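Here the structure is a predicted model, which is why all the values come from computation and not from measurement.
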Amino acid sequence: MSSRISLPPPRPPKMTPERARHLALRARIAQEQEAAGHRPGQSRCGRMLRDGIRRCTFWPLPGLAGCARHLDDEEWQDTIDYPQAYYNDITSGCVHQSVQQQTEQRLRDAAPPACHSWPHLRALPLPGQDPVDLLVTWHADRCAACGRLSPGDLLADHCHRSGLLRGLLCGICNTAEGNAPPRHPRWLRYRTLTPALILGVELSYSQPVRRRLAQAFTMARPPMEVSAAGDGELNIADQPPRR
């Protein structure tokens, strides 16, 4: 003879300010979708792509109106304040992560770009100095975002609106920058203070510049180590070439 074991009902989540804002945002989006004649869970993202003509056809995050690539500021902030509603959802394109992995990912996302801590000798290129050569030499085969060495694998990152070259990124960071929302904490810092702005160079992402970048990559100089001298000046010592 067996007897059923009755379990107590699960406790509702504790009402915190973050959860209250999360529920209010979902309720407002649900009302807007109902007013527009959309059924819950059956409307696509529909937000404008970069070309200004096509609209996104991906599914939005649970309870939100945009997908992971096209969140507005309020939706993106909600994923930061209340991540347990989004990060564990696999069907929407998010990565299934543990709580510890989510915390580590949020810390990495909030970290400033690596190029903001690199020393530089001057704010403007010298007269007659090639700005492309200055940019490549200053990067020294390092990604401007993560700082990892990527010899021969760096890509030229540029602004699609202005057409200006911003810096050199590895393939992973270049893809992450293109897919990040406008208010992403790390990439907002990068776009605000790019390597080109730090060095004081202004280069359009044109065919001659891309050709010059390819030449500079093949003729890259050995990396330079900047160390502080005793009198407060900066000395440059050439390091042996990498193998």
ask   = Is it true that Glu34 and Arg28 make a salt bridge, defined as a side-chain N closer than 4.0 Å to a carboxylate O?
value = no
Residues Thr192 and Leu188: closest non-hydrogen pair is OG1-O, 2.6 Å
Counting N and O atoms only, with roles assigned by atom type, does the side chain of His184 sit under 3.5 Å from a partner on the main chain of Arg186, one being a donor and the other an acceptor? yes
Separation between CG (Leu169) and SG (Cys146), nearest 0.5 Å, reads 8.0 Å
- Query: Do Ile198 and Leu134 belong together in a cluster built from hydrophobic side chains that touch within less than 4.5 Å?
  - Reply: yes
Side chain to side chain contact (heavy atoms under 4.5 Å, CB included) with Ile29: of Gln33, Arg26, Gln31, only one passes, and it is Gln33
How about Glu177 and Asp157: do any of their side-chain heavy atoms sit closer than 4.5 Å?
yes
Can Leu135 be reached from Trp118 by stepping across I, L, V, M, F, W or Y side chains whose heavy atoms are under 4.5 Å apart? yes
Is the shortest side-chain N to carboxylate O distance from Arg21 to Asp78 below 4.0 Å? no
When hydrophobic residues are tied together by side-chain contacts of less than 4.5 Å, even through go-betweens, does Leu193 share a cluster with Leu168? yes
* Asked: Same hydrophobic cluster for Leu71 and Leu25, using side-chain heavy-atom links shorter than 4.5 Å among ILVMFWY?
  -> yes
Rounded to the nearest 0.5 angstrom, the CZ-SG distance for Arg47 and Cys67 is 8.0 Å
When rounded to the nearest 0.5 Å, the distance separating CG of Leu165 from NE2 of His158 is 8.5 Å
Taken to the nearest 0.5 Å, the spacing of Cys173 SG from Leu154 CG works out to 10.0 Å
### Message
Is the shortest side-chain heavy-atom distance between Pro113 and Arg189 below 4.5 Å?
### Response
yes
Would you call Pro195 and Tyr190 a side-chain contact if the rule is heavy atoms closer than 4.5 Å? yes
Exercise for review: With side chain to side chain contact (heavy atoms under 4.5 Å, CB included) as the test, would you mind laying out the steps for Ser43 and Trp59 before giving the verdict?
Suggested key: CA-CA 7 Å; Ser43 59; Trp59 291 104; over 6 Å; no
Sub-3.5 Å donor-acceptor pair from the side chain of Arg210 to the main-chain atoms of Tyr205, do we have one? yes
Is Leu197 reachable from Leu203 through a run of I, L, V, M, F, W or Y residues, each pair having side-chain heavy atoms under 4.5 Å apart?
yes
Tell me whether Glu202 at atom CD has more than 12 heavy atoms from other residues, nucleotides or ligands lying less than 6.0 Å away.
no
Here the gap from Arg191 atom CZ to Arg166 atom CZ, rounded to the nearest 0.5 Å, amounts to 6.5 Å
In this structure, CZ of Arg212 is separated from OG of Ser206 (nearest 0.5 Å) by 13.0 Å
Please tell me if the side chains of Phe58 and Arg44 come closer than 4.5 Å, counting only heavy atoms from C-beta onward. no
Steps toward side chain to side chain contact (heavy atoms under 4.5 Å, CB included) verdict (Leu64, Thr79) = CA-CA 10 Å; Leu64 298 183; Thr79 63; 4.3 Å; yes
